[in-house]
Structure formats: C-alpha cells, structure tokens
Q: 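Below you'll find the structure I mean.
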Amino acid sequence: MSDNILSIIPADPDWQPMAEAADAAMAVLRRLVPQFDGFVTTEYRITWHEKVTVIDCGANLERIECPACQNAIGVEWWSDLLEDCVETGFANLAVTVPCCAADVSLNDLHYDWPCGFARFELEAWNPNRDWLPADELAQLAAALGCDVRQVLAHI
Ligand SMILES: [Zn+2]
C-alpha cells in the first residue's frame, strides 16, 4: 500500500505559525482538497517539528541539480544525507556539494520534484488532486501568514 502526500510548508524553513493561523490554514486546505471524492478518503495532519526537518518527495524525486554549477547531484548522496539527519533533524542546512565543492544551503538545491525543509507542515494524505495552482497557494499563505511551498510525495 503506497500513499501520496501533499505537504504545505512555510518557504522559510525556521518559521512556525501561531496555533490560530495553523488552524485557519488547515481550514483552507480542507476546502481546497475535499475529504471524500467517492473513491479515496483524504486524511489531514498538522505537524510542528522541533527541529528543521526534511520534507522530501519520496519516490517522486527524479533529479537534484546544483545551484552553483548546474550539474546533477547523485540521488544516492541525498539518500545517505537523509539517513544521517532524519533522526536528529538538521542543525543547519549548510552543505558542501559533491559536484563542485560549493558551500550551499540544502534548501537551495534544485529538486525535481520539489523537496523542502520546515519546522511546520500541513499534510493531506491521498489528496484527490494534484499540484495546487498559485492562487490557491496564495490563499494558504494568507491564512498562515507566510509564503508557502508545496511538496508532493509518493511513499
Ligand atoms: Zn555543483
């Protein structure tokens, strides 16, 4: 049994909302992604992470590109990194990339499909829709009080 997860996260990895804003944003998400379409039942979760946590897209990750030299970075390098950090969280996002030894933020690597880092997350498990368009992300951002990104994971 596999799952698809739509995660909405603050664009700023360290940022966390107040509880009221989190609830308001979840109400928007529930409206945009209705629970039952006659086939699957979507489940919703709000998560506050104690430390910056990777929000990765699972099997949807096809390519990572270095923002400094534009070369591809092995997905294996990424998987090893996640294994090391997934328990402890990320103390910071600074990393030296293997392609050109540039010092960059993990948050600035180009992930295809997108991945992110966050201390707060709204999730819709098995949503009956695909990517949210910009105007709907703007509604979530307005409710939450910060810019947001979306991650679509397949696990
Ligand atoms: Zn590079």
Side-chain angles (χ1 to χ4, degrees), residues 1-65 67 72-93 95 105-155:
M1 175 77 194
S2 62
D3 290 298
N4 290 305
I5 307 160
L6 169 65
S7 292
I8 304 297
I9 58 173
D12 176 350
D14 275 317
W15 194 87
Q16 290 185 308
M18 304 295 281
E20 297 76 21
D23 290 344
M26 181 50 93
V28 173
L29 185 63
R30 283 174 172 273
R31 179 166 51 76
L32 297 175
V33 183
Q35 184 162 41
F36 188 62
D37 69 351
F39 182 62
V40 291
T41 301
T42 303
E43 288 176 34
Y44 308 89
R45 295 182 190 171
I46 297 181
T47 308
W48 273 265
H49 297 290
E50 197 178 318
K51 291 183 180 170
V52 174
T53 300
V54 62
I55 312 300
D56 97 288
C57 64
N60 288 336
L61 185 63
E62 292 169 0
R63 182 181 161 89
I64 303 172
E65 194 176 283
I73 295 174
V75 172
E76 203 173 287
W77 174 82
W78 167 250
S79 310
D80 290 348
L81 192 74
L82 290 197
E83 251 171 56
D84 291 346
C85 298
V86 85
E87 295 295 324
T88 54
F90 291 82
N92 68 72
L93 297 176
V95 70
S105 165
L106 285 172
N107 203 39
D108 293 334
L109 300 184
H110 301 153
Y111 303 96
D112 182 18
W113 298 11
C115 295
F117 296 84
R119 293 180 61 208
F120 175 78
E121 184 178 10
L122 294 174
E123 293 170 291
W125 282 63
N126 299 309
N128 50 32
R129 7 187 342 192
D130 206 342
W131 301 102
L132 302 182
D135 63 312
E136 296 187 347
L137 287 178
Q139 293 177 38
L140 288 160
L144 205 55
C146 71
D147 286 341
V148 297
R149 293 184 183 183
Q150 60 185 328
V151 175
L152 268 177
H154 184 72
I155 60 170

Q: Using the ring of Trp125 (Phe, Tyr or Trp, six-membered ring only), decide whether Arg45 places NZ or CZ under 6.0 Å from its centre and within 45 degrees of its axis.
A: yes

Q: Enter the distance from Trp131:CH2 to Leu6:CG here, rounded to the nearest 0.5 Å.
A: 8.5 Å

Q: Looking only at side-chain N and O atoms, does Asn126 offer a donor or acceptor that is under 3.5 Å from a partner on Asn4?
A: no

Q: Return the CD to CZ distance between Gln35 and Arg30, rounded to the nearest 0.5 Å.
A: 6.0 Å

Q: Going from CZ on Phe117 to CG on Asp14, what distance comes out if it is rounded to the nearest 0.5 angstrom?
A: 12.0 Å

Q: Got a donor-acceptor contact below 3.5 angstrom from the Glu43 side chain to the Glu123 backbone?
A: no

Q: When rounded to the nearest 0.5 angstrom, what is the spacing between CD1 in Ile9 and CG in Asp147?
A: 12.0 Å

Q: Distance only, no hydrogens: is a donor on one side chain within 3.5 Å (strictly under) of an acceptor on the other, for Asn60 and His154?
A: no

Q: For the residue pair Ile73 and Leu109, establish whether any side-chain heavy-atom pair is separated by less than 4.5 Å.
A: yes

Q: Treating Gln150 as the side-chain partner and Ser7 as the backbone partner, does any N or O pair qualify as donor plus acceptor under 3.5 Å?
A: no

Q: Hey, are the side chains of Leu122 and Val148 touching, using non-hydrogen atoms and a 4.5 Å cut-off?
A: no

Q: Indicate yes or no: does Arg129 engage Glu136 in a salt bridge with an N to O separation below 4.0 Å.
A: yes

